[in-house]
Amino acid sequence: MDVDDIETVAVLGAGNMGHGIAEVAALSGYTVALRDIKEEFVQNGYEQIEWSLGKLAENDRISEEESDAALDRITPLVDVEEAVADADVVIEAVPEQMEIKQDVYGEVEEYAPEEAIFATNTSSLSITDLSEVTERPEQFCGMHFFNPPVRMQLVEVISGEHTDTETLSVVEELAESFDKTPVRVRKDTPGFIVNRILVPLMNEACWMVSEDVATKAEIDSTVKFDIGLPMGAFELGDQVGNDVTYHVLEYMHDVLGDAYEPAPLLETVVEEERYGKKSGVGFYEYEDGDGAQIPTDAGREAIEHRLLAVMANEVGNLVGDDVAPAEDIDEAVMLGAGYPEGPAKLADDAGLDTLVDTLDELHEETGADRYGVSDGLRTHADEGGFYDQEEDDDAVSYEMIRVEYPGEMVGHVVLDRPHRMNTVNIELLEELEQAVETFEADDDVRAILITGEGDKAFSAGADVQSMAASAEPLQAIELSRTGQQAFGKLQSSSLPVVAGIDGYCLGGGMEMSMCADMRVASERSEFGQPELDLGLLPGWGGTQRLQHIVGEGRAKEIILTAEQYEAETMEGYGFVNEVVPNEDLEDRAFELAADLAAGPPVATRFTKKAMLRGWEDTDAGLEIEAQAFGHLIGTDDLMEGITAFMGDGEPEFEGK
Ligand SMILES: C/C=C/C(=O)SCCNC(=O)CCNC(=O)[C@H](O)C(C)(C)COP(=O)(O)OP(=O)(O)OC[C@H]1O[C@@H](n2cnc3c(N)ncnc32)[C@H](O)[C@@H]1OP(=O)(O)O
């Protein structure tokens, strides 16, 4: 079967995952049969889809017509025969119990066309075992979506023992046609990739508390603010559901052995039905407490090493068993769990030798199987890392941005952290500076275009979480200077710069766009300098540059109110040169950049220089800005602002 042959997708199970998958398939133009065992279940799923499509339209992610058309493509059904009779692909998302799934496949096998592919959305059962229930194990694979499917980019496509490669390729292409990123899991292993990394990490966090090695606060502070993961380990556990984690871990324990023995703390919370947010209490109290309140400064290096070592060991297992290469593991975990960098890269950065030593020491000390170093980790430690260390040191490599050459003498920078709203961290600043230098040294580039990956954000500003991790005045002054310098390089580039803005353009993201010579924005874009709401000030040039573009009055209004502004308003303020329909943004921004690239390079350069020099004494202003940034980083108000942001609350500033 070819992906182009697929017209009809049957989704079995209209629960959380099932209705989400049906919505994604319908949005991509497929005819969808959504089936559940009872009319009320399937109707409920259908209504959830209707609500979600309505939200997408309300937020301008899709048009009303697209929303209506997607809903029209979905037929809610109870009858299995009717649901699968015309299906080219059947995606099964029924409850995670072998007997239920077996029954479903028994029925489906009877009515589905012979050539139809079966894909299961299981997260914890063996693909091979499930495939053997059917008469088409070679046409059977895993298609593991993340929750909620409409928002999450990753789909793990898992090979069972009998799956043929054609089936995997078609399902990967199907995932791509859903506008998702498939990552192939070459072997059917418990937890596949993402859970195989996350669940043992969670278990190790629990072991540390169970053994009085560290407190929950110390561990979550280390995970969130030192390692820089999106949530603390316990915070994430409570979010996912501790019963779910425990269930997956038990399966790993059964199949993979004692290295995956659940920690007593995890067993206790599950026994006591402290499942997390959904039950009102987990590791933290939600109903009767303030939820996860994680201190920014309680992290410890020993905890960091131990967690990274356990994570590296799992990467070693996956790579060593040929489940996936390091690049795929990193991509999956970044997309599926929102890690700023993948686990293999994090482990390489920490040094595999050090992590192996940590595991060896723990193994000797405790004798616990989970510290036994995996063959994959040891081999890669000997080679110097999971990634090739022999790469040419002079070669420029980018991780936070993409550098592209779309033609017409345009050099294109894509801010490439869509899982974190293209937020800006120090590495991104450094890479941006490097990209500008590379373009300037390239005779074939005459204009720079900057856009953000995805349709949610050009950039939501500085990565608040990584900023909170360096809450020292001197570090903050340095961070402010680094941003000023990188954005300054863009502003003073001899090449004309166009910013193509689609979605949120906030804080540091807006400060970056201030350094472009022209800004074109989609209708749905929103602008703002929310820094004062965080107890900060725009520290990457915003206090100086904005007033040059929109005048002092508007600049003060935007910065002091910290409000968000629509693209049209910002056009009126003179910040945006042109507002275009959402779907035209990319083409129009490129067209504008190509137009400027076709202009006279020397005259363009001198024009830019003259106009920039004509500003008043900006350096003095920038110095004050950097000093102020350093001063603010140590204030209680900043912590209040960041804590409120992380916890979705309203800040109460005290002026301290
Ligand atoms: C010198 C420069 C200083 C600065 O730039 S300071 C930072 C200034 N920027 C901000 O304050 C913007 C903060 N973000 C927001 O207000 C909201 O987000 C948005 C309006 C952009 C989007 O809201 P919604 O659509 O409801 O999405 P969501 O669930 O809030 O965000 C999606 C994920 O993106 C993370 N995120 C968004 N902005 C930032 C940020 N600036 N730093 C770190 N993470 C950010 C969130 O936490 C969340 O993550 P999860 O999905 O893991 O919960």
Side-chain angles (χ1 to χ4, degrees), residues 55-56 58-61 146-148 150-153 223-225 228-232 235-236 239-240 277 291-292 334-340 415 417-426 428-429 452 454-471 476-487 503-514 524-546 558-559 562-565 622 625-626 628-630 632-633 638 641-651:
K55 274 274 157 216
L56 289 176
E58 197 180 304
N59 294 331
D60 283 339
R61 300 273 157 235
F146 287 70
N147 198 11
V150 74
R151 265 183 73 179
M152 297 296 286
Q153 195 56 34
V223 171
K224 193 159 178 170
F225 298 109
L229 304 189
M231 287 189 197
E235 186 184 13
L236 177 65
Q239 170 95 9
V240 171
K277 273 191 169 168
M334 285 166 76
L335 293 176
Y339 276 31
L415 309 174
R417 307 183 77 217
H419 53 295
R420 295 287 284 256
M421 297 252 179
N422 297 323
T423 46
V424 179
N425 57 17
I426 204 126
L428 190 145
L429 291 170
D455 59 5
K456 296 217 175 62
F458 171 75
S459 167
D463 187 327
V464 171
Q465 192 178 325
S466 65
M467 207 161 65
S470 54
I477 294 175
E478 212 36 55
L479 176 66
S480 175
R481 287 215 183 99
T482 308
Q484 290 177 349
Q485 185 184 313
F487 291 174
Y504 291 111
C505 180
L506 302 175
M510 183 159 158
E511 291 176 284
M512 187 191 306
S513 75
M514 285 170 207
R524 67 181 155 213
S525 298
E526 302 232 9
F527 295 78
Q529 296 291 158
E531 286 90 341
L532 265 76
D533 270 352
L534 295 170
L536 263 182
L537 89 173
W540 286 336
T543 62
Q544 304 305 304
R545 293 191 180 108
L546 187 56
I558 294 166
I559 294 173
E563 290 290 336
Q564 277 182 26
Y565 295 81
L622 288 175
E625 183 184 273
F629 201 76
L632 290 168
I633 207 81
L638 171 74
I642 289 182
T643 308
F645 167 68
M646 297 287 188
D648 269 353
E650 280 298 315

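Whatever order the structure lists them in is the order used to number ligands and atoms, beginning at 1. Computed from a predicted structure; not experimentally measured.
Taking the side chain as every heavy atom from C-beta outward, H419 and R417 approach each other to under 4.5 Å. In this structure, the side chains of V150 and K55 stay at 4.5 Å or more apart for every pair of heavy atoms. Side-chain contact between F458 and L415 is present, with heavy atoms from C-beta onward closer than 4.5 Å. Looking only at side-chain heavy atoms (C-beta outward), M514 and W540 stay at 4.5 Å or farther from each other. Between Q529 and E511, the closest side-chain pair of non-hydrogen atoms falls below 4.5 Å. For the pair P538/L532, a side-chain contact is recorded, criterion being any heavy-atom separation below 4.5 Å from C-beta on. Side-chain atoms of R524 and R61, non-hydrogen and from C-beta on, do get closer than 4.5 Å to each other.
Listed by number with element, the atoms of ligand 1 under 4.0 angstrom from any heavy atom of E531 are 2 (C), 3 (C), 4 (C), 5 (O), 6 (S). Heavy-atom contacts of G507 reach the following atoms of ligand 1: 5 (O) (cutoff under 4.0 Å). Which parts of ligand 1 touch T423 is read off a 4.0 Å heavy-atom cut-off, strictly below it: atoms 39 (C), 40 (C), 41 (N), 42 (N).
Nearest protein heavy-atom contact of atom 25 (O) of ligand 1 is M421 CE, 3.9 Å. Ranking protein heavy atoms by distance to atom 51 (O) of ligand 1, first place goes to R151 NH2, 4.3 Å. Nearest non-hydrogen protein atom to atom 53 (O) of ligand 1 is M231 CE, 5.0 Å.
Under 4.0 angstrom from ligand 1, the non-hydrogen atoms of L506 all belong to its side chain. In P530, the part holding a heavy atom less than 4.0 Å from any atom of ligand 1 is the side chain. The part of L534 lying near ligand 1 is the side chain, judged by heavy-atom distances below 4.0 Å.
A donor-acceptor contact shorter than 3.5 Å links the side chain of T482 to the backbone of E478. E531 places no side-chain N or O within donor-acceptor distance of the main-chain N or O of I559, the cut-off being under 3.5 Å. When atom types are taken as modelled, the side chain of D463 and the backbone of V424 share no donor-acceptor pair closer than 3.5 angstrom.
The nearest pair of heavy atoms linking P530 to A562 is CA-CB, 3.9 Å. Listed here is the closest heavy atom pair of F146 and G336: CD2-O, 3.9 Å. Residues F527 and L506 come closest through the heavy atom pair C-CD2, 3.8 Å.
Residue contacts with ligand 1: A460 is placed with a nitrogen or oxygen under 3.5 Å of a nitrogen or oxygen of the ligand (distance criterion only). Considering backbone and side-chain atoms together, V464 places an N or O closer than 3.5 Å to an N or O of ligand 1. On a distance-only criterion, G508 and ligand 1 share at least one N/O pair closer than 3.5 Å.
Distances shorter than 4.0 angstrom do not occur between any heavy atom of L536 and any atom of ligand 1. Within the structure, the closest approach of E511 to ligand 1 falls below 4.0 Å when heavy atoms are considered.
With distances taken over non-hydrogen atoms, the option nearest atom 43 (C) of ligand 1 out of I642, L537, L236, D463 is D463. Nearest to atom 15 (C) of ligand 1 by heavy atom, out of F487, F645, Y504, is F645. The heavy atom nearest to atom 41 (N) of ligand 1, considering only P230, G542, A462, G461, is found in A462.
Counting only heavy atoms, the protein gets under 4.0 Å from atom 4 (C) of ligand 1. Protein heavy atoms all stay at least 4.0 Å away from atom 30 (O) of ligand 1. Distances from atom 17 (C) of ligand 1 to the protein include no heavy-atom value under 4.0 Å. Within a 4.0 Å radius of atom 48 (C) of ligand 1, the protein has no heavy atom. Within a 4.0 Å radius of atom 34 (O) of ligand 1, the protein contributes at least one heavy atom. Using a 4.0 Å threshold on non-hydrogen atoms, atom 11 (O) of ligand 1 counts as touching the protein.
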Original post:
Are E625 and Q544 close enough, and set up right, to give a side-chain hydrogen bond (donor to acceptor under 3.5 Å, both in side chains), and what steps lead you there?
Top reply: CA-CA 8 Å; E625 183 184 273; Q544 304 305 304; 4.9 Å; no
